[in-house]
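All heavy atoms count here, side chains included; hydrogens, waters and symmetry mates do not. Residue indices begin at 1 and follow the sequence shown.
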Amino acid sequence: FGTPITGIRYFRAVVGAGTCTPVFSTVTSVDIPSTTYSIFDTWSNGTPDSTKRVIIRGNYVVTSDISACSIEIQSGGTMVVGSNAPLAINNITVTVENGITILSLANPNAVVFNNNTSLIQNSTSNTINSGSVRYIRNSTPIIQNDYTYWSSPVDDQIIKIFSPNTSNSRFFTFNSAPGAYAWAVVPSVTSHLMQAAKGYIIRAPNTMDATVPAAWPGEFFGRPRNGTYTMGVYDNGMVGIVDQNRNLLGNPYPSAIDAD
């Protein structure tokens, strides 16, 4: 069908041969069950599981792992995964067989994944999600001149909006190409979209304390990435006394990954 089946779909077979009158089978249906979280904080058809289409109309706070066939956030609805409290452990996973849809009238904080929470998507499509989520990751404790490695798990993340209080000249990537092999300043940071699977190194915001380390909450905002991404890597071998085999890659997904 090109899109996930939601609700009830009806089917029947039509068989014909040459000029013979077609024969029609009886109609059958396939029902994808759904459950709706209401403004009264109740589920219409039980709690979510991997067989159900989940519809959010109220303010749903996810405090433990959940699974769903798909998730739709309607106008006025919110889904906040985990807590933003400083000592929150979280480690909560939302697993979706298909995609997440955030309707256009939903507010900018309609879906929030707090630090250490994850979105696992079992679909392989990189266009199955619709709408933007806020995805928060805390750095390790840093001071003003420290750098942190980052990679965006969402589409269309402008790098300067991600860290607006970092000086424009303190956003870097690593150019591993033959003849280059050096750190490179990110150009036009006010419009640069963070590339899928590309690693970046960003200095701490100028608002951070210069001597007392603290975690900085980085907030990504955009459509969650999914599907397959490719990134070229270089192994230039020994150049002089330097083995030029390093590449700066990043995790393009809103969850942890296994790497071989």
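Looking only at side-chain heavy atoms (C-beta outward), Val81 and Leu119 stay at 4.5 Å or farther from each other. When side chains are defined from C-beta on, Ile120 does not count as touching Tyr253, because their heavy atoms never get closer than 4.5 Å. Put simply, the side chain of Pro153 does not reach to within 4.5 Å of the side chain of Asn251, judged on heavy atoms. You'll find the side chain of Met79 stays beyond 4.5 Å of the side chain of Tyr37, heavy atoms only. Within the 4.5 Å cutoff, the side chain of Thr166 has heavy atoms near those of the Pro205 side chain. In this structure, Val80 and Val62 have side chains that are not in contact, with every pair of non-hydrogen atoms separated by 4.5 Å or more. In this structure, Thr35 and Thr47 have side chains that are not in contact, with every pair of non-hydrogen atoms separated by 4.5 Å or more. In this structure, Leu103 and Ser75 have side chains that are not in contact, with every pair of non-hydrogen atoms separated by 4.5 Å or more.
What you find for Ile102 and Ala110 is that their closest heavy atoms are CG2-CB, 4.1 Å. Residues Asp235 and Asn245 approach most closely at OD1-CB, 3.4 Å, considering heavy atoms.
Of the possible donor and acceptor atoms, one in the side chain of Gln157 sits under 3.5 Å from a partner among the backbone N and O of Phe221. When atom types are taken as modelled, the side chain of Asn90 and the backbone of Asn115 share a donor-acceptor pair closer than 3.5 angstrom. Side chain of Asn168 to backbone of Val189: no donor-acceptor contact under 3.5 angstrom is found. At distances below 3.5 Å, not a single donor-acceptor pair connects side-chain atoms of Arg137 with backbone N or O atoms of Phe220. Using a distance-only test at 3.5 Å, with no hydrogens or angles considered, no donor-acceptor pair links the side chain of Thr36 to the main chain of Ser38. Formation of a donor-acceptor pair under 3.5 Å by the Asn129 side chain with backbone atoms of Pro224 is found in this model. Between the side chain of Ser176 and the main chain of Arg246, a donor-acceptor pair closer than 3.5 Å is present. For the pair Gln121 (side chain) and Val96 (backbone), a donor-acceptor distance under 3.5 Å is absent.
By the 30° and 60° cut-offs, the orientation of the rings of Tyr135 relative to Phe113 is tilted.
No path of Ile, Leu, Val, Met, Phe, Trp and Tyr side chains, each step under 4.5 Å between heavy atoms, connects Ile158 with Trp216, placing them in separate hydrophobic clusters.
Shown here are the side chain to side chain contact (heavy atoms under 4.5 Å, CB included) partners of Gln195, two or more places apart in sequence or in another chain: Lys198, Tyr200, Met231. For Arg203, the salt bridge (charged side-chain N to carboxylate O under 4.0 Å, His left out) criterion is met by no residue, not counting sequence neighbours.
No side-chain donor-acceptor contact under 3.5 Å links Thr78 and Asn109.
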Please report the C-alpha distance between Asn206 and Ser167 in whole Å, then the side-chain angles of each, then the deciding distance to 0.1 Å, and finally whether the side-chain hydrogen bond (donor to acceptor under 3.5 Å, both in side chains) criterion is met. CA-CA 7 Å; Asn206 296 330; Ser167 300; 3.2 Å; yes
Applying side chain to side chain contact (heavy atoms under 4.5 Å, CB included), run through Thr228 and Thr124 and close with a yes or a no. CA-CA 7 Å; Thr228 300; Thr124 58; 5.8 Å; no
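Here the straight-line distance linking atom CZ of Arg134 with atom CD of Glu219 works out to 5.5 Å at 0.5 Å rounding. Distance OG1/Thr101 to CZ/Arg223: 10.5 Å, rounded to 0.5 Å. In this structure, the separation between CZ on Arg53 and OG on Ser70 is 6.0 Å, given to the nearest 0.5 Å.
Trp150 has its ring centre no less than 6.0 Å from the ring centre of Phe171.
For Tyr229, the OH atom counts as densely surrounded, since its 6.0 Å shell holds more than 12 non-hydrogen atoms of other residues, nucleotides or ligands. Heavy atoms of other residues, nucleotides or ligands lying less than 6.0 angstrom from OH of Tyr234 number 12 at most. Annotation for Ile89: atom CD1 does not count as buried by contact number, only 12 or fewer foreign heavy atoms lying within 6.0 Å.
Note on residues 66-86: no pairs pass ring pair (Phe, Tyr, Trp, His ring centres under 6.0 Å), not counting sequence neighbours.
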